[in-house]
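Everything below concerns the one structure shown next.
Each chain gets a letter, A, B and so on, in the order the sequences are listed, and its residues count up from 1. Here the structure is a predicted model, which means the values were calculated and not measured.
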Amino acid sequence: NAGVTQTPKFQVLKTGQSMTLQCAQDMNHNSMYWYRQDPGMGLRLIYYSASEGTTDKGEVPNGYNVSRLNKREFSLRLESAAPSQTSVYFCASSNRDGSSYEQYFGPGTRLTVT
Amino acid sequence: KQEVTQIPAALSVPEGENLVLNCSFTDSAIYNLQWFRQDPGKGLTSLLLIQSSQREQTSGRLNASLDKSSGRSTLYIAASQPGDSATYLCAVPSGGYNKLIFGAGTRLAVHP
């Protein structure tokens, strides 16, 4: 059971370049999330998708776009990378039904923008 | 706006000690609280999820309690081991759709 997978694991970009971070889950979860983690801070929500076909902004959405490709996949795109987007990016998924709302995380993508 | 605070920010203890990590939140209208472990350079691993109707949850040497009225949760680690060294994060849902608000974490080092 792979859980939540993310690609790539590491990436270095130059300012102004674009890239897409990929995320997939195999737990048949309805909801998916993108967070970023910066040193000394907790994780902050960038975007989320409550269900297939819907996306919405989180706490820090500026400079990002997302696509919920299908129930399994949720991608995060940086259109024009900036040094302030240097961070570790985590994808997560959960269900909103039933008694458990446990959220499961992927291994992260470590992004450096120079 | 929900805010989550974790105290202490860092903790270093000798092996075998019993530990208490603290998490506080400002808005008590939560339906659960989740504790995670993060090893250096790795993702988050869910340790325990406490539903709002529960007061505590146990998994092995870990016990988490939840007091909604006071806005507090504690993670108790019994008989700590060097393998427990990691950062421990607590998180609560806020604004619907299980969007999580995280504390900054407690960095734990257990030395032999």
Side-chain donor/acceptor of B:Gln34 to backbone N/O of A:Gln103, under 3.5 Å: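 Yes, because the side chain of B:Gln34 sits within donor-acceptor range (under 3.5 Å) of the backbone of A:Gln103.
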
Backbone N/O of A:Tyr101 and side chain of B:Tyr31: donor-acceptor pair under 3.5 Å: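 Not confirmed, B:Tyr31 side chain does not pair with A:Tyr101 backbone.
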
Give, as side chain, backbone, both or neither, the part of [X] having an atom under 4.5 angstrom from any heavy atom of chain B.
X: A:Arg110; answer: side chain
X: A:Gln6; answer: neither
X: A:Leu45; answer: side chain

Minimum-distance pair of heavy atoms, taken over all atoms of A:Ala50 and B:Tyr97: CB-CD2, 3.4 Å

Chain A contact via B:Lys42 - side chain, backbone, both or neither, heavy atoms under 4.5 Å: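 For B:Lys42, the backbone is the part near chain A, not the side chain.
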
Structural part of B:Gln6 lying under 4.5 Å from a heavy atom of chain A: neither

When B:Thr45, B:Leu89, B:Leu100 are compared by non-hydrogen pairs under 4.5 Å with chain A, the top option: B:Leu100

ILVMFWY clustering at 4.5 Å (side-chain atoms), partners of B:Val110: B:Val4, B:Leu11, B:Val13, B:Leu19, B:Leu21, B:Phe25, B:Ile30, B:Leu33, B:Trp35, B:Leu47, B:Leu48, B:Ile50, B:Leu62, B:Leu66, B:Leu75, B:Ile77, B:Tyr88, B:Val92, B:Ile101, B:Leu108

Interatomic distance, B:Gln38 atom CD to A:Gln37 atom CD [nearest 0.5 angstrom]: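 Those atoms lie 4.0 Å apart.
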
Qualifying residue, where the test is side chain to side chain contact (heavy atoms under 4.5 Å, CB included) with B:Asn98 and the options are A:Ser31, A:Ser93, A:Ser94: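 That would be A:Ser94; it is the only one of A:Ser31, A:Ser93, A:Ser94 passing the side chain to side chain contact (heavy atoms under 4.5 Å, CB included) with B:Asn98.
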
